[in-house]
Amino acid sequence: MMNLKIPMENPKKTSEIQREVEEILNQIESMITKVDLLHKDKTTCAEKSKATILNPKASYCVGDNLAVQVEMFDYLGNRKTYGGDYLRARISTKEHNAGASGRIEDFHNGTYHVHFTLYWEGKIDLSILLIHPSEAVSVLWKIRNSWYGNIDYSGKFTYQNKQTEAKCGFDLNKSLELCEYNDQRDEEYFYCMKPPSYECDMLTETKSWFTGRSKLTKLEASLFDKSSLRVEIPKDIENVIVTSCNNNSDRKNSQRCRIGMKLEYPSGHFMNNVWIPHACSMKTNHNLEELNTCMAGKVIYILGDSTLRLWMIYLKSILNEMTILNLYESGWAQKIWGIDLKRNMRISWKRHGNPFISSSYQSCREDRTIPREIDFIGGHNKTVVVLNIGCHFRPFPVHHYIKRLINIRRAVVRLFRRSPETKVIIKAENIMASDNHEIKSDFHGLVHYFAFQLIFKDLNVGFVNGWDMTTAFDAKNAHPPPEYIQNEIDLFMTYIC
């Protein structure tokens, strides 16, 4: 087993946060197959593998379960004897704009079962993709947790009308004179080299960028050739035809989606590009009167990355009385404040704290992590907090992400103690297409989803399962189109209205 060393500012004593991080890390690591890479021929090959339906039938009823067995082989045609491959499964019907995710069961011997629920009538197309072989998964896990070389930071220090720049980051040479920006309670740390003649509190802006450096060997890099990524596994499968069978199994759930329902995967399906949760009913197409009633008096804090910034843009398009204030900041990730005097409401979006990757300088004087932002919220029955983190953490060792989630959970618990009527909505990160798999692979997002489930599973919050929804929708990048965003907004409004 890999020995993951988590940096500690006080190595003599293990803190409670540190113990929680290590516990989650150990649970995640136990799910990942560690293998030695000797030759690409010995790695999983999608084209040599096969998928077959278990106990096939001539036709199926809406609501039936469909199980598919996947058997993996290497490039030489040898049966794989261990699991750990990263698979993604989906059923769809193109003419209905319908799609749903599949649940994957790994038997750790080269055999997998993929479980689908048949939610709709018609001819069903089935897709099982090998995103990464287990050997690539092992490489990604090892490299991610071994260094900080994917991203470089620069800080801008300002004194009156003079400015200078300095190197910043999470892992700088401690023998140099450094400015330390720390949160001792949450054990979050960030550093900049101290420029001569400037004080540490003169840091005003930061930017960051992908370095282009890699730790992959030539053999390891071959696992991430385009020909080896997202390859569909051949299917020995006849058409899957689904009929209603007059059993009313496709009737809508009468229970409205509400705060406190558990996080599930799969959690629903798309039909005509409309998300239909399987455990509850989501309200769609809110008319103006419903919108006015729901939003009246609301104070909505949206804290996260650009995928939640899309919410702000969409809400502006439907709340046409809302005015966006000019906050005199620069950069695409500047704060957005919307005021609606007619509805007596306000909505704001603010980016989460570091790590947040932006190649242009962003003001950092008012930067706070999401836990610290939540601590500044008083809360009442009209307060709504929406949050997410994820893709900006992928280039860094995973303990940063786990620690931030733990601190978010603690902050939400504190918020509920002082304001149990405040509503909190947490969105899981999206799948994303990327050419740089060493840094941005969805495997890193899958690891995040494991941690997300473990840390937030029993919180009294509303979940928007972006990981499931973007998979079912077959989103092509981290920023899906407006017809997808509308579904996340509809689920959000179902929770708060």
Side-chain angles (χ1 to χ4, degrees), residues 3-18 21-22 143-215 329-331 333-335 350-373 375-376 389 392-404 406-407 439:
N3 183 19
L4 294 176
K5 293 185 178 179
I6 306 168
M8 297 174 59
E9 295 302 310
N10 181 5
K12 296 180 181 179
K13 183 180 179 182
T14 301
S15 69
E16 182 60 32
I17 290 177
Q18 197 69 25
V21 171
E22 289 174 351
I143 288 179
R144 176 177 181 177
N145 294 298
S146 67
W147 76 324
Y148 287 83
N150 295 314
I151 303 293
D152 276 349
Y153 276 88
S154 177
K156 186 181 290 183
F157 289 75
T158 303
Y159 176 61
Q160 296 181 352
N161 61 349
K162 297 186 298 182
Q163 291 184 329
T164 191
E165 295 178 318
K167 181 178 176 61
C168 300
F170 292 96
D171 189 41
L172 299 186
N173 187 343
K174 301 294 193 299
S175 66
L176 302 175
E177 187 176 8
L178 299 179
C179 292
E180 181 178 304
Y181 305 97
N182 66 57
D183 183 331
Q184 292 186 351
R185 183 197 70 185
D186 291 351
E187 299 178 20
E188 300 265 16
Y189 299 89
F190 188 74
Y191 306 94
C192 289
M193 294 178 63
K194 186 179 182 301
S197 305
Y198 286 81
E199 299 300 323
C200 291
D201 61 8
M202 295 176 182
L203 177 66
T204 54
E205 299 176 67
T206 59
K207 69 177 180 178
S208 51
W209 59 93
F210 294 99
T211 64
R213 295 191 289 265
S214 173
K215 289 196 78 174
E329 290 187 2
S330 60
Q334 61 185 280
K335 293 191 297 291
K350 189 175 182 182
R351 67 182 182 269
H352 63 69
N354 266 328
F356 192 95
I357 302 163
S358 172
S359 59
S360 59
Y361 271 115
Q362 306 284 338
S363 173
C364 64
R365 295 305 301 165
E366 296 182 14
D367 262 9
R368 288 188 287 265
T369 62
I370 288 177
R372 288 297 181 178
E373 292 287 352
D375 287 342
F376 278 96
I389 61 169
H392 290 263
F393 285 73
R394 293 189 184 189
F396 299 92
V398 72
H399 67 79
H400 286 281
Y401 178 78
I402 294 171
K403 183 182 290 183
R404 188 67 55 84
I406 289 169
N407 284 323
I439 298 173

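All values below were derived from every heavy atom in this structure, side-chain atoms included, with hydrogens, water molecules and symmetry-related copies excluded. Note that this is a predicted model, so its numbers are computed, not measured.
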- Decide if the gap between the ring center of H400 and the ring center of F393 is smaller than 6.0 angstrom. no

- Message: Quick check: F170 with F396 (ring centres under 6.0 Å apart)?
- Response: yes

- Does a sphere of radius 6.0 Å around CZ in F210 hold more than 12 heavy atoms from other residues, nucleotides or ligands, not counting ones at 6.0 Å or beyond? yes

Heavy-atom distance under 4.5 Å between the side chains of [X] and [Y], does that happen here?
X	Y	value
H352	T369	no
K207	S154	yes
I151	T211	no
E187	S15	yes

- Item | side-chain contact (heavy atoms from CB on, under 4.5 Å) between E205 and F157, intermediate numbers included | CA-CA 7 Å; E205 299 176 67; F157 289 75; over 6 Å; no

Under a plain distance cut-off of 3.5 Å, with no hydrogens placed, do [Y] and [X] share a side-chain donor-acceptor pair?
X	Y	value
N354	Y181	no
Q334	S363	no
T158	Q163	yes
T14	Q18	no
T164	Y159	no

- Item | Pair listing, disulfide (SG to SG under 2.5 Å) test, anchored in residues 147-177, at least two apart | C168-C192

- Query: With sequence neighbours excluded, what pairs up with C179 under the disulfide bond (SG atoms under 2.5 Å apart) test?
  - Reply: C200

- Task: Identify which one of V21, I17, N407 satisfies the side chain to side chain contact (heavy atoms under 4.5 Å, CB included) criterion when paired with I402.
- Result: V21

- Note on the structure: Test side chain to side chain donor-acceptor pair (under 3.5 Å), reference D367, set R372, R351, Q362, output is R351

- Spacing of M193 atom CE and E165 atom CD [to the nearest 0.5 Å]: 13.5 Å

- Can you check side-chain contact (heavy atoms from CB on, under 4.5 Å) on Y153 and F190, steps first, answer last? CA-CA 10 Å; Y153 276 88; F190 188 74; 3.7 Å; yes

Atom of [X], atom of [Y] and distance for their closest heavy-atom approach:
X	Y	answer
S208	F356	OG-O, 3.4 Å
R404	P355	NH2-CD, 4.0 Å
D183	D186	OD1-N, 3.1 Å

- Item | Any residue meeting side-chain contact (heavy atoms from CB on, under 4.5 Å) with N182, in chain and number order, not counting sequence neighbours | E180, Q184, Y189

